[in-house]
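Encoded as structure tokens, the structure appears first; notes follow it.
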Amino acid sequence: MSSHEHNHGHHHHHHHNDFHDYNEAIKEYKKTFPSKEDVLEHTPDPAVKELIHNMEKVGLETVFDRFDAQKPHCTFGMAGICCKNCNIGPCRITKKSPRGVCGADADLIVSRNLLRWVASGVAGHGYRGRESMLALKWVGEGKLNLPILGPEKLKKSATTLGIDIEGKSIKELAVLVADILLEDLSRTVPDKHKTMHAFATPERVKVWKELDILPISAYHEITDALHRTTTGTDSDWKNIMQQLSRCGLAFSWSSVLASSIAIDSLFGLPVRSTVKCNVGALKEGYVNIALHGHSPLLVSEIVRLGKTEEFDALAKKHGAKGIQFYGICCSGLSSMYRYGGVIPLSNAIGAELIVGTGALDLWVADVQDVFPAIMEVANCFKTVVVTTSDSARLPGAEHYAYDHEHSNIAQTENLAKKILTRAIVSFANRRDIPVTIPQYEVNAEVGFSLENIIKQFGSIEPIAQALKTGKIKGIINLVGCNNPRVLYEKAITDITSKLIKENILVLTNGCASFPLLKLGYCNKSALEHTGSQLKEFLGSDLPPVWHMGECLDNARASALFRALADACGKDLKDMPFAFASPEWSNEKGVAAALSFRLLGINSYHCVEPPVQGSPNVMKYIYEDTKETIGAVMVVDVNPDSLGNKIIEDIEAKREALSWS
Ligand code: SF4
């Protein structure tokens, strides 16, 4: 009898598929979901309350109405145990059916679903980064006529990537750097991920290598993730989680860092400045243009041309006082800190409320986090919506865009001119549209980067010293999306208030940064609510929350973390650092938190991930990765107790360093 037959003859009873009852946990979780009424009562920005009331008056629904209409939420989906990877399903894990039709158990279904999310996150940031990498290459080759506004960043990145910059022109370097970034994004033949090896700490690379999670390229890891989650392929949940980690690293070093190198090289480093923000800064009588999305290429050109004499004169000829730009989500934030005069108004969740002011003549929607819901509101107020990407269209919007091959890349200036002209015509056509603007406006300090922080302090040393002595107790990168599962913008502001009082410096970017911008946390006035130690360090010039820009600018936070760890002679995982996305919601958000955990930095959240159906996956992300990568995911739906956990963990890190 062969051993195969021998094994076959035995009945093995494995109990790892015993049904884990998630029903009670999900039921309790759902009870914490706020209603629209709760939002109206408790959301921290009074402008948001007025904007929601405005929408009610004109009979328009909001994200909060639609969230309520989805109640009660699907328990299977929330627990992560619904599989629709093939058309035998959908299958769900219940007491009666502890396996899907193919035999997949809860662990496998939960882990596969999570992996597909992270793979989508890698694609999200990677895809928009790709447009800037291509643009950098084509500028270098002369196919696209744009100035290279970040030559210092380009040279520094080239040197770090091992390129000999001696005697090479800026354009030559642009091509060489872009080629490496694009190769790391899309390589299929296994080789070193060059950006990762050049920029990650040796300690981290060693950890990742031992875990066998080094990525080949972003495209490869996305494809691998989709491949192994197809029916009957990878049936080992632990092996699925290993691919999750590879995707996390592909996200960090291609989708985020490489994208950020391309964008900074081409469009320039952030400029520290004071901006006006919130809806009170909306100016009637101007051609008002909103910039919404995530891809800076066309947006930069629109802003540059919009500030020229030519377009100012054209706007005035049509009866406007001039052209004014507003920032929604990340395209708004990245143009805000580079070009000045762009007023940040709202994150993605609140975008439709901004359209509902009736004050916008044209809305540029490029890619990602542009909810289809904005169209109904835009139609109601005759706001012209313009889409600019082949992969992101909105029915009813006008399309002034790059094609699928970017074959019209040389038309960038023309596209921008057409969009600006369209905005001016729209202004002239919209003179009779009623405008309702809640009068809330505040100043905010923006444009923080490692480069300008070092300039401000002379070197990294004063900040490292302040960390060691406890003037700064710790630093948190507090970012991410919003999610109607928690009170809109309140988890973010509650946690921030608590942390700055405890002398923890807050870095922020992206959607989470809007309430911090709008409610004065990025203003020196917030020093009043800051702990005395941190206040002493900040002096009279700096706010306790440093605004670093859009969500790709997680790269700026991790660069500051790295520089401080180096200056202190410590490993990243031992430093009193934290990552939080209290109100996270989208796929990029899962990947971002994972990428900081892979650096050895805990991630903290007020929104549950869909893992409650699998005790094994829960234990893996909440406990086991402490041993392997030095960090875990921490979830507590209550912002107050989550804030306490962050403080305790940071204090424990300090104690371990004897920095108490
Ligand atoms: Fe069901 Fe398996 Fe198909 Fe998923 S892959 S839908 S669990 S049969």
Side-chain angles (χ1 to χ4, degrees), residues 4 7-8 11-27 29-30 70 72-124 213 215 218-248 250-251 485 584-591 594 607-622 624 633 635:
H4 173 75
N7 279 338
H8 208 73
H11 290 283
H12 291 277
H13 292 281
H14 294 290
H15 294 284
H16 63 276
N17 286 314
D18 283 354
F19 175 65
H20 162 73
D21 194 354
Y22 47 79
N23 282 292
E24 208 46 42
I26 300 287
K27 208 165 102 192
Y29 180 34
K30 284 189 210 171
Q70 286 292 331
H73 286 76
C74 169
T75 298
F76 306 121
M78 293 213 109
I81 47 73
C82 173
C83 180
K84 26 189 199 56
N85 287 15
C86 89
N87 205 29
I88 297 174
C91 298
R92 72 255 188 272
I93 301 304
T94 64
K95 199 174 175 57
K96 170 173 108 12
S97 60
R99 285 170 178 269
V101 177
C102 66
D105 61 10
D107 298 334
L108 185 57
I109 293 176
V110 166
S111 59
R112 286 199 303 214
N113 287 340
L114 215 52
L115 176 55
R116 285 200 168 191
W117 266 9
V118 172
S120 300
V122 181
I213 56 170
Y219 283 19
H220 178 81
E221 302 315 336
I222 295 165
T223 306
D224 186 328
L226 292 179
H227 168 240
R228 75 173 64 207
T229 53
T230 51
T231 319
T233 305
D234 195 349
S235 296
D236 178 351
W237 73 269
K238 284 186 185 160
N239 208 36
I240 298 273
M241 295 313 270
Q242 198 165 349
Q243 184 58 18
L244 188 97
S245 296
R246 281 190 202 102
C247 281
F251 181 87
R485 287 189 191 182
W584 73 276
S585 58
N586 70 33
E587 298 130 322
K588 292 176 289 182
V590 196
L594 172 62
V607 175
E608 297 278 2
V611 296
Q612 277 158 316
S614 164
N616 277 329
V617 173
M618 278 195 280
K619 187 170 170 295
Y620 175 86
I621 59 173
Y622 296 147
D624 297 350
M633 185 179 202
V635 181

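Just so you know, ligand 1 is whichever comes first in the structure, and atom 1 is the first atom listed for that ligand.
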Query raised in the report: Which atom pair, heavy atoms only, marks the closest approach of Gln612 to Ile26?
Result: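 Looking at all heavy atoms of both residues, the closest pair is OE1-CD1, 3.0 Å.
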Query raised in the report: Which heavy atom of Tyr622 sits nearest a heavy atom of Glu608, and at what distance?
Result: OH-OE1, 3.7 Å
**Report entry** Atoms of ligand 1, numbered as shown, that sit under 4.0 Å from any heavy atom of Arg112
**Finding:**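 Those of ligand 1 that fall under 4.0 Å from Arg112 are 4 (Fe), 5 (S).
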Requested in this report: Run the numbers on Met633 and Val635 for side chain to side chain contact (heavy atoms under 4.5 Å, CB included), then give the verdict.
Outcome: CA-CA 7 Å; Met633 185 179 202; Val635 181; 4.2 Å; yes
Query raised in the report: Tell me, which protein N/O/S atoms are under 2.8 Å away from atom 1 (Fe) of ligand 1?
Result: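 Cys91 SG, with waters left out.
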Query raised in the report: Under a 4.0 Å N-O cut-off, is there an ion pair linking Lys619 with Asp624?
Result: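 Judged by the 4.0 Å cut-off on N to carboxylate O distance, Lys619 and Asp624 do form a salt bridge.
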Query raised in the report: With side chains defined as the heavy atoms from C-beta onward, is the minimum distance between Gln243 and Asp234 less than 4.5 Å?
Result: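 In short, these two side chains do not touch, never coming nearer than 4.5 Å.
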Requested in this report: Check whether any side-chain heavy atom of Leu115 lies under 4.5 Å from a side-chain heavy atom of Cys247, and answer yes or no.
Outcome: yes
